[in-house]
*Asks:* 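Before I ask anything, let me first share the structure, which is written out below as structure tokens.
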Amino acid sequence: GAVITKYLRDAYQENFRNAFYQEIFGDNTYQLSFDEAGVFGAAELKSWGVLPNVIHAFTKNTIQGSKDGLNFTVCELDVQGKERIEGPSAWFHGLYVICDLNQKTKGTIQIRTPENLHMEQHENLFSIWNMDLKQLKTDAAWFDEAMNIYSDNQQLIKEMLSEEMMKKLLTLHQKFHRQIWMGIVDGQIHVAINQPKSFFQPGLFSKVNENTLGKQRKNIEELTILINEIMGDH
């Protein structure tokens with residue numbers, strides 16, 4: 001029946017992906033590993049505060065690795081929230097990236113682009129204004145003109161937002177524009193990219209051949225470029 005069909009499909013999909021990513025990750029410089037499961041849920045996502053309007057959150061297809069001794073995690077994320085009064089709706093589908101930084105300082109810096117603030121204001125989302133953080137300035141007027149920074153610790157901003165980091169955040173904003181959300185939480189940079197593309201989903205009944213492997217290798221290449229852009233020289 002339907003239950004058996006679903007069981008067989010899920011078992012096939014899991015075996016397929018395990019074989020798939022063993023092949024792709026066989027030789028890589030980032031020590032990448034793949035797990036179909038997610039690594040965090042709605043409670044953690046709410047506590048980090050990088051994404052607004054989190055009522056339900058679902059993560060899957062996690063890739064973990066390291067660069068220059070610093071760890072990173074990338075997973076697919078779906079977020080359901082509440083837009084005005086219409087009820088629950090899925091407003092985010094994309095990648096959520098967490099990367100270690102050299103500094104291990106405790107505290108939160110939320111980085112909001114003009115697009116983020118426009119969405120939070122006009123969609124009446126649970127937002128930065130619910131987080132008891134102040135809007136603060138950096139030492140760089142060129143950055144403050146482009147981005148809004150919220151934190152409860154001016155010293156943390158001095159420690160974490162170096163000129164290199166600010167340039168990196170602006171570069172990410174320019175690349176992903178309306179789709180990106182960013183923050184720094186307890187010495188880790190969080191980047192969420194809202195986009196329809198599925199990075200980790202090979203065709204369900206595809207054969208593991210050079211064509212399908214090639215497509216996924218290209219996805220992994222895009223992913224490592226993104227990690228380099230986020231972590232830079234860290």
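One is the number of the first residue; the rest follow in order along the sequence. Below, all heavy atoms of this structure are taken into account, side chains as well, without hydrogens, waters or symmetry copies. Computed from a prediction, not measured in an experiment: that's the story for all the values here.
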*Asks:* What pairs with Glu163 under side chain to side chain contact (heavy atoms under 4.5 Å, CB included), at least two apart in sequence or on another chain?
*Replies:* Trp142, Lys167
*Asks:* Can you name the side-chain hydrogen bond (donor to acceptor under 3.5 Å, both in side chains) partners of Ser47, sequence neighbours left out?
*Replies:* none
*Asks:* Between Thr113 (side chain) and Asn116 (backbone), is there a donor-acceptor pair under 3.5 Å?
*Replies:* yes
*Asks:* When you check the gap from the basic side-chain N to the acidic O, do Lys158 and Asp139 get nearer than 4.0 Å?
*Replies:* yes
*Asks:* Would you please say whether a donor-acceptor pair under 3.5 Å links the side chains of His93 and Gln195?
*Replies:* no
*Asks:* Could you check Gln179 against Asn194 for side-chain hydrogen bond (donor to acceptor under 3.5 Å, both in side chains), going step by step and ending with a plain yes or no?
*Replies:* CA-CA 5 Å; Gln179 302 166 309; Asn194 192 12; over 6 Å; no
*Asks:* Can you sort out the partners of Phe40 under ring pair (Phe, Tyr, Trp, His ring centres under 6.0 Å), two or more places apart, ordered by chain and number?
*Replies:* Trp48, Tyr96
*Asks:* Spell out, yes or no, whether Leu101 and Phe143 are grouped together once hydrophobic residues are joined by side-chain heavy atoms under 4.5 Å, including indirect joins.
*Replies:* yes
*Asks:* Supply the atom-to-atom distance Leu133 CG to Ile109 CD1, rounded to the nearest 0.5 angstrom.
*Replies:* 10.5 Å
*Asks:* Return the set of residues passing side-chain hydrogen bond (donor to acceptor under 3.5 Å, both in side chains) with Asp144 (not counting sequence neighbours), or none when no residue passes.
*Replies:* Thr138
*Asks:* Applying side chain to side chain contact (heavy atoms under 4.5 Å, CB included), can you list everything that pairs with Glu145, at least two apart in sequence or on another chain?
*Replies:* none
*Asks:* Tell me every residue that passes side-chain hydrogen bond (donor to acceptor under 3.5 Å, both in side chains) with Gln64, counting only those two or more places apart in sequence or in another chain.
*Replies:* Thr73
